[in-house]
J.: 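Below you will find the structure I want to go over with you.
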Amino acid sequence: MGVEDLSSVQLDEDIQMMCKSKAEEFRLIGYEHVTGKDVWNCVSSKYEKEGFPPIYKLVNDILSLKVTGFMNFMTMSAYRGSTFE
């Protein structure tokens, strides 16, 4: 089954699951209050101006997210004020 065979609902669920999994990874190393939504906001923030990339790039960005990049994003978000609902 290729990516083109996935429905948008299934794709949304898969992306949410990857974000939740990455959040759990961060919680295991001591960042107790990280949620899947936090991970999604971090990854998607860099595409605000240019639009979303192909799905393989989005998946790669979620899977390769490092805690330092995530914490930098969270610090800047707190400093600027949340831009996400």
Side-chain angles (χ1 to χ4, degrees):
M1 173 189 278
V3 171
E4 61 278 353
D5 298 331
L6 294 173
S7 71
S8 63
V9 171
Q10 180 62 45
L11 204 51
D12 288 346
E13 290 173 358
D14 291 344
I15 295 292
Q16 287 177 7
M17 185 175 65
M18 283 186 276
C19 289
K20 287 178 183 178
S21 177
K22 183 56 79 167
E24 180 63 25
E25 179 183 319
F26 289 164
R27 285 192 296 267
L28 288 172
I29 60 172
Y31 297 92
E32 299 171 0
H33 302 289
V34 176
T35 67
K37 185 167 177 70
D38 294 332
V39 171
W40 172 251
N41 287 342
C42 179
V43 170
S44 65
S45 69
K46 70 182 189 178
Y47 300 114
E48 287 177 341
K49 293 180 183 171
E50 59 199 54
F52 282 91
I55 193 65
Y56 73 88
K57 176 123 178 61
L58 190 58
V59 168
N60 186 58
D61 288 349
I62 293 168
L63 296 176
S64 64
L65 181 62
K66 303 285 188 237
V67 78
T68 52
F70 176 76
M71 293 311 296
N72 286 339
F73 168 79
M74 294 301 284
T75 301
M76 290 304 296
S77 292
Y79 178 72
R80 289 184 303 201
S82 180
T83 58
F84 305 103
E85 294 298 320

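Starting from 1, each residue takes its place in the sequence as its number. If you're wondering where the values come from, they're calculated on a predicted model, not measured in any experiment.
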J.: Please list all pairs meeting side-chain hydrogen bond (donor to acceptor under 3.5 Å, both in side chains) that have one or both residues in residues 17-26, counting only residues at least two apart or in different chains.
T.: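 Applying side-chain hydrogen bond (donor to acceptor under 3.5 Å, both in side chains) to every pair that reaches into residues 17-26, excluding sequence neighbours, yields Lys22-Glu25, Glu24-Arg27.
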
J.: Decide whether Ile29 and Val34 are clustered together by the hydrophobic rule: side chain heavy atoms of Ile, Leu, Val, Met, Phe, Trp, Tyr closer than 4.5 Å, transitively.
T.: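 Yes, it is one cluster - the side chains of Ile29 and Val34 are joined through contacts under 4.5 Å.
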
J.: Nearest heavy-atom pair of Ala23 and Gly36: which atoms, and what distance?
T.: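 That would be CB-N, 3.7 Å.
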
J.: Find the distance between CD1 (Ile62) and NZ (Lys57) and round it off to the nearest 0.5 Å.
T.: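 These two atoms lie 11.5 Å from each other.
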
J.: For a 4.5 angstrom cut-off between non-hydrogen side-chain atoms, does Cys42 reach Leu65?
T.: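 Heavy-atom side-chain distance check passes, below 4.5 Å.
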
J.: CD/Gln16 to CG/Asp12 distance, rounded to the nearest 0.5 angstrom?
T.: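 Taking CD in Gln16 and CG in Asp12, the distance rounds to 6.5 Å.
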
J.: Would you say Asp14 and Val59 make side-chain contact, with heavy atoms under 4.5 Å?
T.: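 No, side chains not in contact.
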
J.: If the condition is side chain to side chain donor-acceptor pair (under 3.5 Å), which residues does Tyr47 pass it with, not counting sequence neighbours?
T.: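 Partners of Tyr47 by the side chain to side chain donor-acceptor pair (under 3.5 Å) criterion, ordered by chain and then number, come out as Asp61.
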
J.: Output every pair passing ring pair (Phe, Tyr, Trp, His ring centres under 6.0 Å) with a member in residues 17-46, not counting sequence neighbours, ordered by first then second residue.
T.: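 For residues 17-46: Phe26-Phe70, Trp40-Phe52.
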
J.: Checking side-chain polar atoms at under 3.5 Å, does Thr35 have a donor or acceptor matched by the opposite partner on Asp38?
T.: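 Yes, a side-chain donor-acceptor pair sits under 3.5 Å.
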
J.: Quick check: do Asn41 and Phe73 have side-chain heavy atoms less than 4.5 Å from each other?
T.: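 Yes - at least one pair of side-chain heavy atoms lies under 4.5 Å apart.
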
